[in-house]
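Before any comments, here is the structure.
Lettering of chains follows the sequences in order, A, B, ..., and the numbering in each one begins at 1. What you see is a predicted model; the values in this text were computed from it and never measured.
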Amino acid sequence: MTELKKISSSPHVRQEDSTASIMLDVVIALLPASIMGVYNFGISAFLLIVICMASCVASEWAFEYFSKRKITISDFSAVVTGILLALNLPPSLPWWMAVLGSVFAIIVVKQLFGGIGQNFMNPALAARCFLLLSFTMSMTNFTYDAVTTATPLAMLKAGESVDLLRMFMGSTAGTIGETSTAALLIGGAYLLFKRVIDIRIPLSYIGTFGICILIYALASGRGWDWSFVAAHLCGGGLMLGAIFMATDYVTSPITAKGRWIYGVLLGGLTFVLRSPWNSGTAAEGVSYAILCGNLLVPIIERFTAPKCFGKGAVKHE
Amino acid sequence: MNKAMDRIKNGIITENPTFVQILGMCPTLAVTTSAINGLGMGLSTTVILIMSNLMISALRNVIPNRVRIPAYIVIVASFVTIVDFLLQAFLPELSESLGGYIKLIVVNCIILGRAEAYASKNPVVPSIFDGVGMGLGFTVGLTAIGLVRELIGAGSVFGFAIPGYEPIGIFVKSPGAFIVLAFLIAFLNFRKMKKKKSNTSDTVCRMEDCMHCGNTSCGGKFFDFDGDTDVVGHVGKKEEKKEMEENANE
């Protein structure tokens with residue numbers, strides 16, 4: 001018998017993209033940030049990235065092999081999860097914690113909920129929060145040039161001044177991938193150019209957060225302090241989160257209106273969680289903001305679903 | 001006596017309140033940070049459950065139907081107060097670590113559930129054994145969760161530390177309770193499914209769907225209509241057999 005062809009309804013759009021090609025684009029976009037991370041933090045950062053990638057792929061293969069499912073390691077999604085997780089870790093983290101985080105990300109967050117496309121929150125971020133709650137000391141121990149230093153955000157909170165140019169280039173303390181705003185922006189531009197991500201989420205996320213910080217600066221008597229706003233935008237995981245994590249296909253809304261709402265929501269949540277007015281709380285809030293946002297995505301999609309043609313019109317009597 | 005053992009087995013295995021009925025989740029998730037806390041909470045609940053089952057069963061013909069819930073609450077609350085004071089007097093450390101959760105046993109849905117579902121309709125002796133079974137089932141569940149959480153999250157077993165182990169702190173925090181409970185339930189369901197499958201292994205595919213079919217040798221090909229599998233062959237064998245039998249009869 002001849003091979004059966006699948007027939008779908010129109011429009012017959014030809015699309016060369018596949019999961020693997022999109023994920024490969026994300027890997028390419030993450031390269032500048034990874035290279036800057038290795039340049040800044042040395043061999044330990046490189047090893048962490050490799051370990052996370054390898055253990056993510058290995059745990060995905062192992063789970064799918066032993067539960068007799070289709071092996072999906074060739075679509076690069078586990079590689080992306082591994083790199084994203086590594087970029088969210090401090091460079092001095094012991095290797096076995098990174099392995100544990102990778103296993104948690106792939107097996108508990110992704111595979112137990114049904115594998116690729118079924119996870120309800122970002123695996124890399126969930127693993128980061130898992131590690132943060134488990135090993136708070138190791139996860140908040142940021143070193144730069146082998147000296148433990150405060151992150152720019154912690155310094156901002158303590159009222160110290162920060163060097164904006166160094167924050168932009170990335171030669172500050174922080175996690176492997178979050179410090180270099182320049183490298184992250186290059187990666188983001190590549191993804192936008194290749195149309196892998198949509199500008200709506202990063203724009204509304206960063207925009208909302210910037211406006212909130214500006215209002216806070218005005219309210220706290222700093223005046224139109226643009227360097228304070230810029231420092232908050234470049235500091236912490238905001239750029240990494242807005243460009244690479246919030247735009248994750250599986251855990252972000254698919255409707256255009258929903259994406260604006262999602263971005264604004266994340267910006268507001270990040271501002272509240274970072275709470276620059278309260279020196280007692282943690283300096284960083286991007287991870288938890290995006291995880292909270294992930295949970296609200298089904299509701300956002302439900303209320304922003306476009307109407308079918310011919311439905312929803314007002315009836316004229 | 002057989003009936004008594006049946007009630008106890010029912011409580012611990014068949015209708016385990018924690019893993020099968022998923023009742024009493026508030027203490028299950030909140031106090032199981034260590035095995036000893038789980039054991040203490042479970043045993044306190046068991047004592048109260050036995051006493052309240054006894055009392056409610058004895059009074060089942062006296063309590064008016066319309067005010068039965070307030071009556072149950074009063075009975076349960078009396079026993080909770082007694083147990084709470086006893087714990088404070090004799091086991092002050094445990095009482096402190098369990099905190100308000102001992103008092104919250106008053107509104108524990110296992111106790112009210114057993115009162116409503118069993119003790120109010122059955123004689124005293126079976127009700128006591130029902131309380132024993134359910135209480136022990138709850139104790140087993142809580143101790144198991146506490147043991148796993150303490151082992152992974154604090155690196156100790158019943159308070160004895162394991163040397164050279166770095167604890168994964170999240171397991172003694174609240175997210176860990178959900179993760180451990182989910183894994184234990186999944187594990188028990190997995191074993192139950194396996195047992196069921198080996199008991200009812202069909203040799204011919206059922207007509208409904210592959211979900212309720214025990215024929216593992218088919219591998220889901222029976223309903224694979226668009227695939228290249230010879231679907232007719234599968235049904236055909238059964239029909240051939242029938243035909244052969246009919247031929248033989250003739």
Side-chain angles (χ1 to χ4, degrees), chain A residues 1-8 55 59 63 66-70 85 89 92-114 119-123 125-141 282 287-288 291-292 294-295, chain B residues 29-30 32-34 145 148-156 161-191 193-194 197 210-211 213 215-221 223-233:
Chain A
M1 211 168 115
T2 51
E3 198 188 333
L4 285 173
K5 301 282 187 202
K6 271 191 181 155
I7 298 173
S8 61
S55 46
S59 45
F63 186 91
F66 288 112
S67 62
K68 300 190 183 76
R69 278 158 220 257
K70 202 177 152 220
L85 174 61
L89 301 176
S92 58
L93 196 77
W95 64 271
W96 61 271
M97 291 185 187
V99 172
L100 198 68
S102 310
V103 171
F104 183 83
I106 293 295
I107 292 184
V108 176
V109 186
K110 186 178 169 191
Q111 292 295 347
L112 283 185
F113 287 90
N119 46 303
F120 69 100
M121 54 165 67
N122 190 312
L125 275 183
R128 180 209 151 106
C129 291
F130 169 79
L131 292 176
L132 198 61
L133 284 172
S134 297
F135 313 107
T136 315
M137 283 296 284
S138 309
M139 281 295 286
T140 50
N141 175 28
S287 308
Y288 287 118
L291 286 184
C292 292
N294 287 166
L295 299 180
Chain B
L29 295 168
T32 53
T33 48
S34 69
I145 297 171
V148 175
R149 284 180 71 187
E150 191 187 348
L151 180 68
I152 306 175
S156 60
I162 300 166
Y165 172 78
E166 177 127 3
I168 305 169
I170 195 171
F171 282 96
V172 288
K173 300 191 175 93
S174 34
F178 287 95
I179 295 174
V180 170
L181 178 67
F183 268 94
L184 286 177
I185 293 177
F187 173 69
L188 291 174
N189 281 356
F190 177 70
R191 284 197 52 191
M193 271 162 66
K194 247 186 163 175
K197 227 171 199 174
C210 291
M211 286 281 280
C213 178
N215 185 8
T216 45
S217 59
C218 156
K221 285 172 190 161
F223 285 89
D224 185 17
F225 291 118
D226 54 345
D228 47 356
T229 329
D230 189 7
V231 178
V232 187

Query raised in the report: Do other residues, nucleotides or ligands put more than 12 heavy atoms under 6.0 Å from A:W96 CH2?
Result: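 Correct, the count exceeds 12.
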
Query raised in the report: Within a reach of under 6.0 Å around OH of B:Y165, are more than 12 heavy atoms found that belong to other residues, nucleotides or ligands?
Result: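 Yes, because the 6.0 Å sphere around OH of B:Y165 holds more than 12 heavy atoms from other groups.
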
Requested in this report: Flag the pair A:F104 / B:I179 as yes when at least one side-chain heavy-atom distance between them is below 4.5 Å, and no otherwise.
Outcome: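 Contact flag for A:F104/B:I179 side chains = yes.
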
Query raised in the report: What part of B:P175 is in contact with chain A, defined as an atom under 4.5 angstrom from a non-hydrogen atom: side chain, backbone, both or neither?
Result: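 Just its side chain gets close to chain A.
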
Query raised in the report: If you measure from CD on B:E166 to CZ on A:F135, what distance do you get to the nearest 0.5 Å?
Result: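 Atom-to-atom, B:E166:CD and A:F135:CZ are 6.0 Å apart.
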
Query - Interatomic spacing from CD1 in B:I168 to CG in A:L131 - rounded to 0.5 Å - result: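 CG of A:L131 is found 9.0 Å from CD1 of B:I168.
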
Query - Per-residue contact mode, A:L132 against chain B (heavy atom under 4.5 angstrom) - result: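 For A:L132, there is no contact with chain B at all, as no heavy atom is under 4.5 Å.
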
Requested in this report: Look at B:G153, B:A182, B:G169 and state which one has the largest set of heavy-atom pairs under 4.5 Å with chain A.
Outcome: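 Highest number of pairs under 4.5 Å: B:G169.
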
